2 protein chains.
Amino acid sequence: MTQDDYTKKDDFDLLDFLPYLLNRAAEESSLEFQNVYNDRYGMLRTEWRVLFHLGIYGELTATEIGERAKIHKTKVSRAVNKLEARRFLARARSEADRRVEQLTLTPIGLSVYRELRGIAQQYDAKLAAMFSAEETAVLRKMLRRLADIG
Amino acid sequence: MTQDDYTKKDDFDLLDFLPYLLNRAAEESSLEFQNVYNDRYGMLRTEWRVLFHLGIYGELTATEIGERAKIHKTKVSRAVNKLEARRFLARARSEADRRVEQLTLTPIGLSVYRELRGIAQQYDAKLAAMFSAEETAVLRKMLRRLADIG
DNA sequence: GCTTAATAGTTGATTTTGTAACTAACAAGA
DNA sequence: TCTTGTTAGTTACAAAATCAACTATTAAGC
């Protein structure tokens, strides 16, 4: 069933409204990758994001992860707990400031990260292949600006 | 704090990964509008989406809304309940098929829809103004394809 | 040093979502 | 008509997100 099956009583088009469109595109394009990390490792979205941050940057505190990924500290805290329970990461209390915990991936966590990273790269390539290289580059640039991480 | 403050141990760039980028852009670009419908009418995301569908298309069943907006029927059901409790919509049992309910906005619901629609249009224009007209047109087109509603 | 404020992170209560099972109504075939 | 299957929508229970309050530690002003 497509949009054309319906007669509009109103000129407003939801499918031109950027926040709606962005959310729909985000949901749709995340589905496949979500199934992988969820089915294979029982991870949630916040958990793979934390895992990836540690995989990419090596050692971070919960606060740093929260700032960089715009995730609330309670969500980070719970994600860290789950990843620790699965032995994907280890905590080390900072000597300089004993409130702080330095987080790093364990060898297991690192290998999980590497597997998921490979899948992410493949999947990203698949999405990018829907468009020309130039179009995709422009899309990424625009999305970074919209996400305010540009 | 920007990305450059961190040294990467890994070549993978989260800020190039389309599903991540789309989600971040979607969250960021929805925030302002979300505050309006939430603060002003205590509505949730699913609720404004249902409201807008009825405002645009005039009369739909819960199932039709779910199909068009890709919202699960339990979420639609609960959103319809809340909108009905606030007297924003009315249900009418279908004569032809007594399982079905035809949903329409009440005059109150319609005026709320019209107000939010105006705000949405303004806000969309503000987002679009971050780019050239051509760029924005390309963005919308690409997002529709990614969202599989092209 | 002592008080007050700020920060890192956790926990608990409430709300919202997700999954599955459910009721009610229709449809199709023997 | 009497299964059997399907569809519309709701409800119950479990999982997760949100928000506020909390502990522990550090920093700042006096």
Side-chain angles (χ1 to χ4, degrees), chain A residues 1 23-24 26-28 30-31 34-35 37-39 41-51 53-54 59-86 89-104, chain B residues 1 23-24 26-28 30-31 34-35 37-39 41-51 53-54 59-86 89-104:
Chain A
M1 193 182 284
N23 273 288
R24 291 285 307 266
E27 283 163 25
E28 187 72 25
S30 301
L31 255 177
Q34 187 171 11
N35 285 337
Y37 62 72
N38 202 304
D39 295 353
Y41 298 108
M43 295 202 322
L44 301 173
R45 196 158 59 149
T46 306
E47 290 162 37
W48 83 256
R49 288 189 181 185
V50 169
L51 187 88
H53 276 268
L54 294 173
E59 181 176 68
L60 294 170
T61 68
T63 299
E64 286 168 338
I65 295 172
E67 280 169 358
R68 292 182 58 65
K70 283 216 182 153
I71 304 172
H72 193 272
K73 60 181 181 174
T74 61
K75 274 171 95 171
V76 175
S77 174
R78 283 167 171 139
V80 167
N81 270 325
K82 284 207 185 156
L83 292 171
E84 189 193 28
R86 293 198 179 96
L89 66 75
R91 316 159 101 115
R93 187 65 69 177
S94 164
E95 288 301 319
D97 183 342
R98 304 192 43 69
R99 290 170 301 183
V100 172
E101 283 179 337
Q102 296 294 336
L103 306 170
T104 46
Chain B
M1 195 182 283
N23 273 288
R24 291 287 305 268
E27 283 163 26
E28 188 69 27
S30 299
L31 255 176
Q34 187 171 11
N35 285 336
Y37 62 71
N38 201 304
D39 296 352
Y41 298 109
M43 297 205 317
L44 301 172
R45 195 157 60 150
T46 306
E47 289 161 37
W48 84 255
R49 287 188 182 184
V50 168
L51 186 88
H53 277 268
L54 294 172
E59 182 177 68
L60 294 169
T61 68
T63 299
E64 286 167 340
I65 295 172
E67 281 169 357
R68 292 184 57 66
K70 283 216 181 150
I71 303 173
H72 194 271
K73 61 180 180 174
T74 61
K75 271 172 97 172
V76 176
S77 174
R78 291 194 259 241
V80 167
N81 270 324
K82 284 206 185 156
L83 292 171
E84 189 193 28
R86 294 197 177 98
L89 67 75
R91 316 157 100 114
R93 188 64 71 179
S94 163
E95 287 302 318
D97 183 342
R98 304 192 41 69
R99 291 171 300 184
V100 172
E101 284 178 336
Q102 296 294 336
L103 305 171
T104 47

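As a basis for the values below, the full set of heavy atoms in this structure was taken, side chains included, without hydrogen atoms, waters or symmetry mates. Just so it is clear: chains get the letters A, B, ... in the order the sequence lines come, proteins before strands, and each one is counted from 1. Just so you know, these numbers come straight off a predicted model, no measurement behind them.
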List in chain and number order the residues that pass side chain to side chain contact (heavy atoms under 4.5 Å, CB included) with A:Ser30, two or more places apart in sequence or in another chain; answer none if no residue qualifies.
B:Pro19, B:Asn23
Of A:Arg99 and B:Thr61, the one whose closest nucleotide on DNA chain D sits nearer the 5' end is B:Thr61
Considering residues at least two apart in sequence or located in another chain, which fulfil the salt bridge (charged side-chain N to carboxylate O under 4.0 Å, His left out) criterion with B:Arg86?
B:Glu47
What is the distance, to the nearest angstrom, from the NZ atom on A:Lys70 to the P atom on D:dT18?
15 Å
Tell me the interatomic distance from B:Gln102, atom CD, to D:dG9, atom C1', rounded to whole angstroms.
13 Å
Results of side-chain hydrogen bond (donor to acceptor under 3.5 Å, both in side chains) for A:Arg49 - residues two or more places apart only
none
Going by heavy atoms in the side chains, are B:Leu54 and B:Thr104 under 4.5 Å from each other?
no
Within-4.5 Å side-chain heavy-atom neighbours: A:Gln34 and A:Trp48
no
So, do A:Thr61 and A:Glu101 sit near enough that their side-chain heavy atoms are less than 4.5 Å apart?
no
Rounded to the Å, how far apart are B:Asn81 CG and D:dA8 C1'?
14 Å
For DNA chain C, which residues in residues 41-50 of chain B have a heavy atom at a distance below 4.0 Å?
B:Leu44
Return the set of residues passing side-chain hydrogen bond (donor to acceptor under 3.5 Å, both in side chains) with A:Lys70 (not counting sequence neighbours), or none when no residue passes.
B:Glu28
Distance (rounded to the nearest 0.5 Å) between B:His53 NE2 and B:Leu103 CG:
12.5 Å
Whole-Å gap separating P (D:dT18) and CD1 (A:Ile71):
11 Å
The side-chain hydrogen bond (donor to acceptor under 3.5 Å, both in side chains) partners of B:Ser77 (sequence neighbours excluded) come to none
d(CD, A:Glu101; P, D:dT25) in whole Å:
12 Å
Return each pair, listed once, that meets salt bridge (charged side-chain N to carboxylate O under 4.0 Å, His left out) where at least one residue sits in residues 71-81 of chain A; pairs must be two or more places apart or across chains.
none
Please work out which residues in residues 72-80 of chain B have a non-hydrogen atom less than 4.0 Å from an atom of DNA chain D and list them by number.
B:Lys73, B:Thr74, B:Ser77, B:Arg78
Just to verify, what does A:Glu84 make a side-chain hydrogen bond (donor to acceptor under 3.5 Å, both in side chains) with, not counting sequence neighbours?
A:Arg91
Chain B footprint on DNA chain C, 5' to 3' - any atom under 4.0 Å from a heavy atom:
C:dT16 to C:dC26
Distance in angstrom units between B:Leu83 CG and D:dT10 P, rounded
12 Å
